[in-house]
Amino acid sequence: MDLFELTTEPIDIGSVARRVVPPECGATVTLDGYVRKFTRGRETLYLVYEAYGPMALKEMGKLIDQARRKFEIANVGIVHRVGRLEIGETSVVITVAAPHRQAAFEACDWLIRELKRAVPIWKKEVYADGEAWVGGEGSN
Amino acid sequence: MELDIDPDSTSRRAFQKIVAERPQLSAYKLHFAVNQEYAEGGEIIREGDELAVFTPVSGG
């Protein structure tokens with residue numbers, strides 16, 4: 001079974017993977033994206049993520065359907081956190097289960113790139129001396 | 001907020017009106033959605049539809 005969710009709570013990475021694994025699969029690939037301390041040489045104190053929730057969930061569902069058409073994969077789990085996140089906390093988890101690992105690696109890479117391009121979620125970087133909403137794919 | 005537009009207006013027309021009435025938006029690259037789907041421009045907007053205007057996304 002696929003899952004895609006937004007949450008304001010810390011994400012348990014292992015549980016996301018366990019929830020999507022079907023018995024016929026031989027591998028899951030899981031991406032753990034977390035808050036980095038330095039971006040473009042500037043020190044970040046924390047991040048704030050906001051989502052256009054209903055559309056973000058629809059887009060995640062569409063990406064999973066597209067990924068399944070493009071790659072030999074079974075189930076996908078995507079969980080994105082919103083709200084304030086401290087350095088080192090997980091912001092996004094993408095887990096792909098597949099009969100063979102190569103397809104899972106490729107699909108996971110494709111999914112995070114598409115998520116960053118199309119899913120309506122935004123992040124604000126807060127620094128010691130200011131803050132900035134980050135504008136779009138490729139800028140980070 | 002509510003938007004008054006002519007019957008059978010396309011989403012392109014509706015978003016042009018929204019942006020024209022809010023010059024501060026012209027400073028941004030914008031994305032448009034109708035009923036939580038990216039807009040193509042040709043959708044016919046009906047009463048009760050949900051329109052959204054937002055800047056490039058930066059999740060992940």
Side-chain angles (χ1 to χ4, degrees), chain A residues 4-7 11 31-36 39 44 47-63 78-83 85 90-94 108-125 131-140, chain B:
Chain A
F4 44 102
E5 295 174 351
L6 296 170
T7 179
I11 303 171
L31 171 77
D32 172 10
Y34 53 86
V35 180
R36 189 168 48 209
T39 299
T44 303
L47 296 185
V48 178
Y49 284 89
E50 283 188 10
Y52 176 19
M55 181 170 170
L57 293 171
K58 275 193 191 179
E59 288 293 316
M60 286 181 190
K62 281 194 224 167
L63 290 184
I78 303 177
V79 181
H80 202 299
R81 192 163 158 200
V82 293
L85 277 76
T90 294
S91 55
V92 63
V93 169
I94 299 180
C108 191
D109 184 48
W110 183 85
L111 281 161
I112 185 63
R113 281 188 280 113
E114 289 297 305
L115 179 144
K116 290 166 91 77
R117 186 185 65 77
V119 177
I121 299 173
W122 298 267
K123 82 171 138 231
K124 183 169 71 176
E125 293 176 345
E131 58 183 44
W133 284 102
V134 180
E137 152 216 21
S139 65
N140 54 342
Chain B
M1 63 190 78
E2 300 207 346
L3 175 72
D4 286 324
I5 51 171
D6 298 330
D8 296 330
S9 286
T10 60
S11 66
R12 182 177 293 105
R13 184 84 196 81
F15 286 118
Q16 280 170 350
K17 183 173 163 80
I18 290 169
V19 173
E21 289 172 358
R22 293 166 186 78
Q24 68 274 23
L25 292 179
S26 64
Y28 302 94
K29 179 172 164 49
L30 297 173
H31 293 291
F32 304 101
V34 177
N35 295 330
Q36 303 158 4
E37 311 261 0
Y38 281 103
E40 309 276 354
E43 299 89 350
I44 301 300
I45 303 303
R46 308 195 190 284
E47 180 139 21
D49 282 348
E50 179 178 315
L51 278 63
V53 178
F54 50 84
T55 56
V57 307
S58 56

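Computed from a predicted model, the values in this text were never measured in an experiment. In what follows, every chain begins at residue 1, and chains take the letters A, B, ... in the order their sequences are listed.
Within 6.0 Å of the CD atom in E47(B), the count of heavy atoms belonging to other residues, nucleotides or ligands does not exceed 12.
Looking only at side-chain heavy atoms (C-beta outward), E37(B) and K62(A) come within less than 4.5 Å of each other.
The backbone N or O of S58(B) lies less than 3.5 Å from no partner atom in the side chain of W133(A), so there is not a single donor-acceptor pair. Proximity of a side-chain donor or acceptor of W122(A) to a complementary backbone N or O of F54(B) within less than 3.5 Å is not detected.
In this structure, no portion of Y28(B) lies under 4.5 Å from any heavy atom of chain A.
Considering all non-hydrogen atoms of both residues, V57(B) and L115(A) come closest at CG2-O, 4.4 Å.
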Acceptor/donor pairs from residues 48-55 of chain A side chains to any protein atom, 3.5 angstrom cut, sequence neighbours excluded:
| unit_1 | atom_1 | unit_2 | atom_2 | d |
| --- | --- | --- | --- | --- |
| Y49(A) | OH | G60(B) | O | 2.6 |
| Y52(A) | OH | E50(B) | OE2 | 2.4 |

